[in-house]
Amino acid sequence: SSTMSFSEAEVQSARGAWEKIYVDAEDNGTTVLVRMFTEHPDTKSYFTHFKGMDSAEEMKQSDQVRGHGKKVFTAINDMVQHLDNSEAFVGIVNPLGKKHATQLKVDPKNFRIICDIILQLMEEKFGGDCKASFEKVTNEICTHLNNVYKEAGW
């Protein structure tokens, strides 16, 4: 598997960018999921309790959507804290990837979708520099997850 190559400066600016959006983890996580479900309705099929929800408003109010949005942001936050330690980073990404590949059977293209929506939200709220600082992190996360999927025989 690829080892990460973040310079100290990249780590710092990525963390700075992430902190801005992570302050409101539940709200921003919810926004990201609602956008994903609205723009890519097929992604809802993985979540039995979101299937019947059609309006963005309904999704925003849902405890399950909010809970999962927060969970996604918490997982990314754990990864962001370990950008300077590949072993720890992989230790977080691997079990997460395995679970999504083998138990949940989530198509790995959805990770790219969710990462792109996070970047989009960062740009809307905090500008292009914020987005640019975090882009390499999302690429790293998606690359690692895809590797885990390959190993799982996806």
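All heavy atoms count here, side chains included; hydrogens, waters and symmetry mates do not.
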Side-chain donor or acceptor of K20 paired with backbone N/O of M122 under 3.5 Å: no
Can you confirm whether Y46 sits close enough to K105 that some side-chain heavy atom of one is under 4.5 Å from a side-chain heavy atom of the other? no
Heavy-atom pair with the smallest gap, counting every atom of V148 and G97: CG1-C, 3.7 Å
To the nearest 0.5 Å, what is the distance between CG (L121) and CD1 (I118)? 8.5 Å
Which atoms form the tightest heavy-atom contact between L145 and V93, and what is the distance? CD2-CG1, 3.7 Å
Look up atom CG in L33 and atom CE in M59, then write down how far apart they are to the nearest 0.5 Å. 10.0 Å
Which atoms form the tightest heavy-atom contact between H82 and A88, and what is the distance? CD2-CB, 3.4 Å
Does V137 reach the side chain of R15, with side-chain heavy atoms less than 4.5 Å apart? no
Distance-only donor-acceptor check, side chains E140 and H144, under 3.5 Å: yes
Are side-chain heavy atoms of H68 and F47 found at a separation under 4.5 Å? yes
Compute whether any side-chain donor of one residue and acceptor of the other, for N77 and Q81, lie under 3.5 angstrom apart. yes
Note: R35-E124 ion pair, threshold 4.0 Å (strictly below): yes
Rounded to the nearest 0.5 Å, the CZ atom of F50 sits from the CD atom of Q64 at a distance of 6.0 Å
Which pair of heavy atoms, one from A75 and one from I92, lies closest together, and at what distance? O-CG2, 4.4 Å
Contact between K136 and E10 at the side-chain level, heavy atoms closer than 4.5 Å - yes or no? yes
Would you say the rings of F89 and F6 are close, in the sense that their centroids are separated by under 6.0 Å? no
Any idea how F73 and Y22 line up, ring-wise: parallel (<30°), tilted (30 to 60°), or perpendicular (>60°)? parallel
Once you measure the plane-to-plane angle for F134 and W18, does it fall in the parallel (<30°), tilted (30-60°) or perpendicular (>60°) bin? parallel
Rounded distance (nearest 0.5 Å) linking atom CH2 of W154 with atom NE2 of H100: 11.0 Å
Within-4.5 Å side-chain heavy-atom neighbours: E123 and Q120: no
Is there a side-chain contact between K150 and N147 in this structure, where contact means two heavy atoms from C-beta onward sitting under 4.5 Å apart? yes
In terms of heavy-atom contacts, does CD of E39 have more than 12 from other residues, nucleotides or ligands at under 6.0 Å? yes
Do NZ/NE/NH1/NH2 and the carboxylate oxygens of K109 and D42 come within less than 4.0 Å? yes
Separation between OG1 (T30) and CG (D63), nearest 0.5 Å, reads 10.0 Å
How long is the gap from CE on M36 to CG on N110, to the nearest 0.5 Å? 6.0 Å
For atom CG of N139, is the number of surrounding heavy atoms from other residues, nucleotides or ligands below 6.0 Å larger than 12? yes
L104, I114: one ILVMFWY side-chain cluster at the under-4.5 Å cut-off? yes
Min side-chain heavy-atom separation M79-L96 under 4.5 Å: yes
Under a 4.5 Å cut-off applied to non-hydrogen side-chain atoms, are F111 and I141 in contact? no
Under 3.5 Å, is there a donor-acceptor pair linking the side chains of R112 and T138? yes
Nearest non-hydrogen partners of C130 and A17, listed with the distance: O-CB, 3.5 Å
